[in-house]
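Predicted model only: the values in this text are computed from it and were never measured. Indexing begins at 1, ligand by ligand and atom by atom, following the structure's order.
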Amino acid sequence: MHPPVADLSSVRILVSNDDGIGAPGIKVLEKVARSLSSDVWVVAPETEQSAAGHSLTIRRPLRVRRVSRRRFAVDGTPTDAVLLGINHVLKDNKPALVLSGVNRGGNLGEDVTYSGTVAAAMEATILGVPAIAFSQYYGPDCPVRWSTAEHWAPEIVRRVTRAGWGRNVLMNVNFPDVAADRVTGIEITRQGKRKIGDELSERFDPRGDPYIWIGAQRAEDRGVRGTDLEAVSRGAVSVTPLCVDLTDRGTMDALAECFR
Ligand code: MN
């Protein structure tokens with residue numbers, strides 16, 4: 001278990017994301033972290049890395065650029081940023097908590113398998129540091145409601161760190177696309193279904209060669225009670241514990257039978 005933390009005020013917090021160090025969401029999360037602790041550091045990707053998943057850069061060198069005091073950019077993926085943040089930038093006094101996000105857009109259902117925001121939290125978890133991923137869901141034709149994330153995130157960080165959680169587990173938090181005072185509550189959910197990639201737009205470049213854009217269209221299963229997607233669609237903040245160990249224990253016994 002990650003031990004419960006009663007007082008966050010001097011806990012070293014590392015903030016990262018996948019939208020890049022200049023994204024509006026990381027400014028929101030840095031502000032949230034600073035409202036909780038006086039020891040906040042940012043190590044984040046230099047450029048946007050959405051849907052980078054848990055990709056690690058091993059075929060080229062990485063550069064760490066000091067942006068300002070306690071703020072560093074890495075020219076790699078979210079995983080690179082968290083790895084270098086913990087094992088290089090802060091190696092002499094490692095963070096006790098990693099916060100990732102706030103992502104521009106929800107990380108719901110199968111999104112978590114593509115998400116760089118979730119992967120940053122996953123990397124921290126694998127390195128032994130408790131981590132929480134934050135995403136602000138938003139609909140079409142509407143500005144992102146960062147104020148909802150900013151309002152609700154501190155309470156969630158305080159509550160989950162006060163409880164502590166398993167060493168194999170990270171927290172995936174999604175804020176709904178409603179004003180902060182319209183949020184219906186905080187709900188503990190499981191991963192729903194929301195596969196991206198149903199819509200492919202094939203076009204032609206100026207030289208006549210075809211190319212394909214993967215569209216944002218998703219086959220969403222919003223109606224299934226108890227899921228992240230359903231809770232957020234209804235106006236609740238969704239908190240889903242995700243396990244880094246992807247083993248399906250239910251299938252193990254059946255499979256062992258097959259190979260007897
Ligand atoms: Mn992103």
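Among the backbone and side-chain atoms of N103, an N/O/S atom is found under 2.8 Å from the Mn ion (ligand 1). Residue side and main chain included, D19 places an N/O/S atom under 2.8 Å of the Mn ion (ligand 1). When distances to the Mn ion (ligand 1) are checked against a cut-off of 2.8 Å, S115 contributes no N, O or S atom below that limit.
Between W165 and H2, the ring-plane angle classifies as perpendicular under the 30° and 60° cut-offs.
Its N, O or S atom nearest to the Mn ion (ligand 1) is what matters here, and for D18 that atom is OD1.
Counting heavy-atom neighbours within 6.0 Å of R34 CZ, excluding the residue itself, gives a total above 12. Environment of NZ in K94: crowded, with over 12 heavy atoms of neighbouring residues, nucleotides or ligands closer than 6.0 Å.
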Check against side chain to side chain donor-acceptor pair (under 3.5 Å), Q49 and T47: CA-CA 6 Å; Q49 301 290 319; T47 57; 3.1 Å; yes

